[in-house]
Each structure stands twice: as structure tokens, then as C-alpha cells.
Protein chains: 2
Amino acid sequence: MVEHVAEHHHSLARELECVSGVPIFQQLAQPQLTSVAEVTRPIHAKKGQTVFRPDEVSQTLYIVNAGQVRLYHLADDGKERVLRVLNPGDFIGEIALFTDEIHSNYAEATQTTELCTISRDALTTLIQRMPPLALSLLSALAVRLKSAEHQATLLAIPDALPRLAGYLMDLSQGKATALTLPMSKQDLAAYLGMTPESLSRKLKQLVMAGAIVTSGRREIRVVDAAKLQALAPQ
Amino acid sequence: MVEHVAEHHHSLARELECVSGVPIFQQLAQPQLTSVAEVTRPIHAKKGQTVFRPDEVSQTLYIVNAGQVRLYHLADDGKERVLRVLNPGDFIGEIALFTDEIHSNYAEATQTTELCTISRDALTTLIQRMPPLALSLLSALAVRLKSAEHQATLLAIPDALPRLAGYLMDLSQGKATALTLPMSKQDLAAYLGMTPESLSRKLKQLVMAGAIVTSGRREIRVVDAAKLQALAPQ
DNA sequence: CGCCTAGTTGACAAGGCTCAACAGGCGTGG
DNA sequence: CCACGCCTGTTGAGCCTTGTCAACTAGGCG
């Protein structure tokens, strides 16, 4: 589980596929996409493999193209704190673009995953040549910033139930839909700043209240958005 | 240094002063600074005044030039949750640049404050004309994102003492220095996800442990960074 | 089919929140 | 300039929530 990820350097086709699937580059024209593809290196990781680990000096932007990457922090009591989960289109390493970021987190593939990597120098050059790219990067960062600050306000709530309800409201976007948890329950518990035991109990409480029903390991269906809303903060 | 330009565009003097003091625009050349100043509108707020309130549709970037702005959220139990405090050079409203942001927070001046405002249209135009501006905006957003995510990891810690110790470590940057709290203790308590009572007790605990000494309302001196570090998480 | 991890449930203890009363600064007005 | 008053911060006591530890169940993967 500590093996190195496989790197590939071949035709541009692969890079193009990687690049064109990513929202950040979506509105670029074909020739510009090719320029981006030229400086992109795809890497692959199988389930459980580590993409990067702490203390590596990084000057690379990682963009998830397919699969899923779990970003977590290892506390010195041995507990893993999940920071977030990267799905296709998400990226990590933006700070590496401006300072020599020393990663303090682990990135681990939770399934077979393909990532695009772009070096700092290549990306800054690209940004200066393609203003639309700068705008879409800014937009992506702004969105992430908003969600990070939102999460911070959620976590500042001392009671576990509204914290969980607020999280589920975000996931379901206020509607009574079925949804799949983006991570395991123990990871979710860490993400929400509680123990797996508490998460289990609070979920049960929501089921009892008639707000949600659970089915299977990661499936949740919101049946009464109003009840959930009433338990959520704000 | 502003004088020279002021002679040519006298009406811009105020805007230039506002713009040139802001880190985001710092490395722009003089003519570019003038372009920025041309689309900037300074606004002023006295202590206690509200800069904006929730449900206002905003297409504006606010940059604090002097003074301090407190950004907070009003829960429906009437309690204020401080999201962060903006000091000179900090900005807010970046999400407004990409979507019609509906502010969910209040912004209130804690002292006599001057802000620069730039409209969405003006800023996107500027970005496309000035690649370095895009880079420095990206850099600023990345830094804020990092600190927001860091705060989220802090808040996910259930025990109040390490949470506080971690916050103080961040403020003091690991050194044994004197520091001034950027906000009142009750605001800090909300920011750290605890009650003012808990904050008071935990601070006392840190003083007892010999890690810090307090003097006055907002002054804290770290006397033993190692002790503080030992109590902080990671 | 069986093992191993993820998830659940229960009992207990500890920590933080709540409520309430008190002290101490700072600004305001006399 | 002083005194008063208000707001900020502190201290105390009790209860409630959540973390901890432990045992148990349920899926998933080999």
C-alpha cells in the first residue's frame, strides 16, 4: 500500500482525454486544450495507493480525472482526519503554485484513479497566455473557498445532530432525494468532527425522526427535507 | 510616491491610495495601478456600521484598506458566529465575481474603516488585461483556502484545549512572542466553536501551565512555545 | 465459506454547555 | 475629571452530550 504510482509518458491522446474531462479547462478552445495537454502528465493509482505523502516538497497541481482520492491528515495519536474527498474534476496542490508547499497531508486513491499533473512553471506560463484559464481557476478556487468556510461554520457547532443535518442538507441541496455518501462512515465521522459511534447514533436519530431512510452502506434517502432543515443550523 | 500621479489625475488620488496599499495589487506597475484605481470606488464605515447584510445580491469585491471588518453569521437562536476578521489587505466577495452571490453574512466595521470596492465586470476586464493580477489573486485565494481548511481541521477537534492551543500556535507562528488577539474574546470563542466561558477557562489553564501570560484585554504573550506546541494537535 | 474490516449498540465517565452571579474596563455624561 | 453604568470577561455548580471502551453484528473480499 506504499508502492509508487505508475507514470506514463506517451501519445498526446491520453493527455488530451485527461485534460478535456476537467471542468477547469472546459471552456478552452481546441488549440488551447492542446497546449494544456502538452504540459500535462497523467498518473495512475490503484485502490489504496498513495499519490503523495507529507513532507514532500511539491510544485505540482493534481487534477482528478477519474476515480477518487481521499485527502487525510495523520494525527500523532494515530487517528486519520479526512479533510476532503476528491472526485473527478476536483484538484489539489494549488498552493504549490505560489510557494513551495510542503504537503502536510496524505493523498490516497480509494479506487482505481487517474490524475493529471501540471508543474508550477508550466501552469503559470499557461495562465499568463490564457486569461480565460485564470478566470476559471479563480472561479474554482472561490467555490472551494466558499465550501471550506461553510464547513468551518458547520464544524463550529458544538452539537453533533445539527452538524450532521447541515451536512446532509448540503449534500441533498435541500431536496428530498436519494444520495450516496462520498466516503465511508468512519471517514465521514472524522470529517464532521465526531466519532463513528456518534455518527451512527445521530443517523439513527434522523431515521427515527422520519427525516431520512438508510439503505445499504452508503445510501441515504432524504424523505422529509423540512424535518432535516428544522434540525440543521442557520 | 502617489503624489506624482496625483498631479495628473487629481480625482484619482484617493482611489490610488486605496489600491496601492493592498497586497493584491502590490506588484503591478504604476500605469496598471492607475487602471485599477480608475474602476475602484472607496467606501467608508464608522465603528459599528454595517458594510453589507445578508440577502443583498452582490457583484462587488470589497478590499479592506484601513481599519477592520468583522464578518459574522446570525443564527436563528440570535447568536453571532464570527467567520473571520478582515484586516487591511484582506478582501471579501470573491465569489461574487463568478456567481450572483447572495451574502449570507453580515459585515460590520469594528473601527473607522476604509474599503475599496470593484465591480465584477470591471475586475474581470482587469484580469484579462493583466495576467500578473490574475496570479496574485489566485495566490491570495490559495492562501485563504489553505487557512480555511486549516481552521476546519482545528474545529474538528472535539477538545477545546488543543483547539485553542492550535489557534495560538498559528497566531504566534510557533515563536514565543507577544501577540494581540484580532477580536474580542467572545468573538474568538464563537470562532473557535466554544462558549466564552470555556475559552476563559482554557486560557486560564494555559496560563497555569506556564505556556502563556495574559495582560490586558487582548494581549497575550507566549512564554513557552514548546508547552503550547505539546498541547496543540497535529 | 470464513476471515477481516466497517458499522452498530450498550454502559460509563469526562468534558463542555447552560444558567447564574460576580468582577473589571472603558466610555459616557455630568 | 470623576462617577456611574454598561458591556466584557470571569468564576461557580449542575446537567447533558459526547467520547471512550468493549462486545457484538453485518457485509465484502479473498
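Here is how names work: the chains are called A, B, and so on, in the same order as the sequence lines, proteins then strands, and each is numbered from 1. Only this structure's heavy atoms are used, side chains among them; waters, hydrogens and symmetry mates stay out.
With no hydrogens or angles considered, a side-chain donor-acceptor pair links B/Thr110 and B/Gln68 at under 3.5 Å.
Residues B/Arg217 and B/Gln205 each lie close to DNA chain C; by heavy-atom proximity, the contact nearer the 5' end of the strand is made by B/Gln205.
One interatomic measurement links the two molecules: CD of A/Glu219 to C1' of C/dG7, which rounds to 15 Å at whole-angstrom precision. What separates NZ of A/Lys202 from P of D/dC16 is a distance of 14 Å, to the nearest Å. Rounded to whole Å, the distance from CD on B/Gln186 to P on D/dT11 is 16 Å. Across the protein-nucleic acid pair, B/Met194 atom CE and D/dT10 atom C1' stand 16 Å apart, rounded to whole Å. Nucleotide D/dG9 holds its C1' atom 13 Å from the CG atom of B/Asp187, rounded to whole Å. Put simply, CD on A/Gln111 is 12 Å from P on D/dC29, counting in whole angstrom units. Across the protein-nucleic acid pair, B/Lys46 atom NZ and C/dG27 atom C1' stand 18 Å apart, rounded to whole Å.
B/Ile212 pairs with exactly one of B/Leu203, B/Leu179, B/Asp224 by the side-chain contact (heavy atoms from CB on, under 4.5 Å) rule, that one being B/Leu203.
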At a cut-off of 3.5 Å, list every protein nitrogen or oxygen paired with a nitrogen or oxygen from nucleotides 8-12 of chain C, distance to 0.1 Å.
| residue | atom | partner | partner atom | Å |
| --- | --- | --- | --- | --- |
| C/dT8 | OP1 | A/Lys185 | NZ | 3.2 |
| C/dT8 | OP2 | A/Ser200 | OG | 3.3 |
| C/dT8 | O5' | A/Ser200 | OG | 3.2 |
| C/dG10 | N7 | A/Arg201 | NH1 | 3.1 |
| C/dG10 | O6 | A/Arg201 | NH2 | 3.4 |

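Ring geometry for A/Tyr106 versus A/Tyr72: interplanar angle under 30°, hence parallel rather than tilted (30 to 60°).
Note on A/Lys47: nothing from the nucleic acid sits closer than 4.0 angstrom, heavy atoms only.
Two end axes, each from the C1' atoms of five base pairs, can be drawn for the helix from C/dC1-D/dG30 to C/dG30-D/dC1; they diverge by 50°, to 10 degrees.
Taken residue by residue, residues 155-171 of chain A places no heavy atom nearer than 4.0 Å to DNA chain C.
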